[in-house]
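Below, chains carry the letters A, B, ... as their sequence lines are ordered, and counting in each starts from 1.
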Number of protein chains: 2
Amino acid sequence: MRLTTKGRYAVTAMLDLALHGEKGPISLSDIAQRQDISLSYLEQLFSKLRQAELVSSVRGPGGGYRLARGSDDIHVAEIIDAVNESVDATNCGRGSGCASGEKCLTHHLWSDLSDQIHVFLSGISLSGLVARADVQQVAQRQHEKELAAQDIEQKIEIIGGP
Amino acid sequence: MRLTTKGRYAVTAMLDLALHGEKGPISLSDIAQRQDISLSYLEQLFSKLRQAELVSSVRGPGGGYRLARGSDDIHVAEIIDAVNESVDATNCGRGSGCASGEKCLTHHLWSDLSDQIHVFLSGISLSGLVARADVQQVAQRQHEKELAAQDIEQKIEIIGGP
DNA sequence: AAATACCCGACTGTTTTAGTTGGTTATATA
DNA sequence: TATATAACCAACTAAAACAGTCGGGTATTT
């Protein structure tokens, strides 16, 4: 179990899907704009999320991604594991001949704690996060901002588009 | 809150202190041998652990480090935070003008979850880890290994030391 | 005086992050 | 059927973090 900003990006993007994915697939460029993440980086992350069968994709215009399962059935631990690509658990099993548990003792000390963290994050679902009041507040603000941006775009179009 | 092998090293080393620190200060070279971590790297980590006032040091021969507080009063979250040097929380407050919470919304989404993880790890103390049966088993094995190593050293000395 | 062991800064090689570039392929729509 | 959209894909880059090394210092015990 590893926790970096990469996992944060993935969780944030999935949370965005859970918040906006009701009416159909969401394009990555939408998520990129709303959550301020580079589009190409999102593509890399979603490639992994798709391999892990956490999302499904629809190609072509109007396409995008949607959650592969219900938001109550997707948990934070899965998302983080999907983008962090397992990483041989610890640096054991290499040169030190750690087979049969003879050496490599530090490994056990940590992996035990790591398991606990994993169990903890497996208990937090996307719907659980969505239900939180503060998250809804943020989503609301993002929605208002989006509308404002669309409004500006329309006005530009009226003044004289390409 | 970040979770990498760096934090694992720090927690493991602190656990070693909790296990062996009863009879006096423990030298870093002892920990380096037992836990198979580079001595110089440990020095860097303990520099930070000392700044965070999680350990205190004794210089000179017979010196080393000891826990600054009781092992029931030192928690995993503190240790990890100490070596990961905070990292401006998230990448906000830089170019995007995230003051007053207007922008930088993704930040809130994540930091909320991050807080939960933090609270969770704040509930796990060193003494809590020490009390675990499997940890004691590992410590016992390490102790036996240590005795065996000392035995070999003695024999070498008898045969003809420097 | 000598050995121990903390303390400190600078340096190195490797891996991971984060992002870029430049495409190809599938598909809805006009 | 042409076009725009948006997923897909691979290779590349800059910057940071990780893990460790090196060469010194300083305090303290024996």
In terms of side-chain heavy atoms of [X], which of [options] is nearest?
X     : options               : result
A:S57 : D:dG20, D:dA7, C:dT21 : D:dA7
A:Y41 : D:dC8, C:dG19, C:dC8  : C:dG19
A:P61 : C:dT27, C:dC6, D:dT21 : C:dT27

Given [N], is OP1 or OP2 found less than 4.0 Å from the side-chain N or O atoms of [X]?
X     : N      : value
B:T4  : D:dC18 : yes
B:R2  : C:dT17 : no
A:R8  : C:dT17 : no
A:S38 : C:dT20 : yes

What is the distance, to the nearest angstrom, from the [atom1] atom on [X] to the [atom2] atom on [N]?
X     : N      : atom1 : atom2 : result
B:E43 : C:dT4  : CD    : C1'   : 13 Å
A:L39 : D:dC9  : CG    : P     : 15 Å
A:R66 : D:dA7  : CZ    : C1'   : 14 Å
A:Q51 : D:dA7  : CD    : P     : 16 Å
A:I80 : C:dT16 : CD1   : C1'   : 16 Å
B:L42 : C:dC6  : CG    : P     : 10 Å
B:L45 : D:dA17 : CG    : P     : 15 Å
B:I37 : D:dC18 : CD1   : C1'   : 14 Å

Classify the side chain of B:Q44 and the base of D:dT21 as holding, or not holding, a donor-acceptor pair under 3.5 Å.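 In this structure, the two groups form a donor-acceptor pair.
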
Can you find an N or O donor on one side and an acceptor on the other, under 3.5 Å apart, linking the side chain of A:R59 with the base of C:dT25?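 When only heavy-atom distances are counted, A:R59 does reach the base of C:dT25 through a donor-acceptor pair under 3.5 Å.
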
Worked check of side chain to side chain contact (heavy atoms under 4.5 Å, CB included) between B:M1 and B:D81: CA-CA 7 Å; B:M1 188 87 244; B:D81 282 342; 3.9 Å; yes

[X] [atom1] to [Y] [atom2] distance, which is reported to the nearest 0.5 Å:
X      : Y     : atom1 : atom2 : value
A:L121 : A:I80 : CG    : CD1   : 5.5 Å
A:F46  : A:I31 : CZ    : CD1   : 4.0 Å
A:R34  : A:I26 : CZ    : CD1   : 5.5 Å

Scan [X] against the nucleic acid and name what it touches under 4.0 Å (heavy atoms): base, sugar-phosphate only, or nothing.
X     : answer
B:S27 : sugar-phosphate
A:Y65 : sugar-phosphate
A:L28 : sugar-phosphate

Name the one of B:L17, B:D30, B:L49, B:L54 that satisfies side chain to side chain contact (heavy atoms under 4.5 Å, CB included) with B:Y65?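 Among B:L17, B:D30, B:L49, B:L54, the one that satisfies the side chain to side chain contact (heavy atoms under 4.5 Å, CB included) with B:Y65 is B:L17.
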
Mapping A:V83 and A:G60 onto DNA chain C by nearest heavy atom, which one lands closer to the 5' end?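 Here A:V83 is the residue nearer the 5' end.
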
Are more than 12 heavy atoms from other residues, nucleotides or ligands located less than 6.0 Å from atom CD of A:E43?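 Above 12, so yes.
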
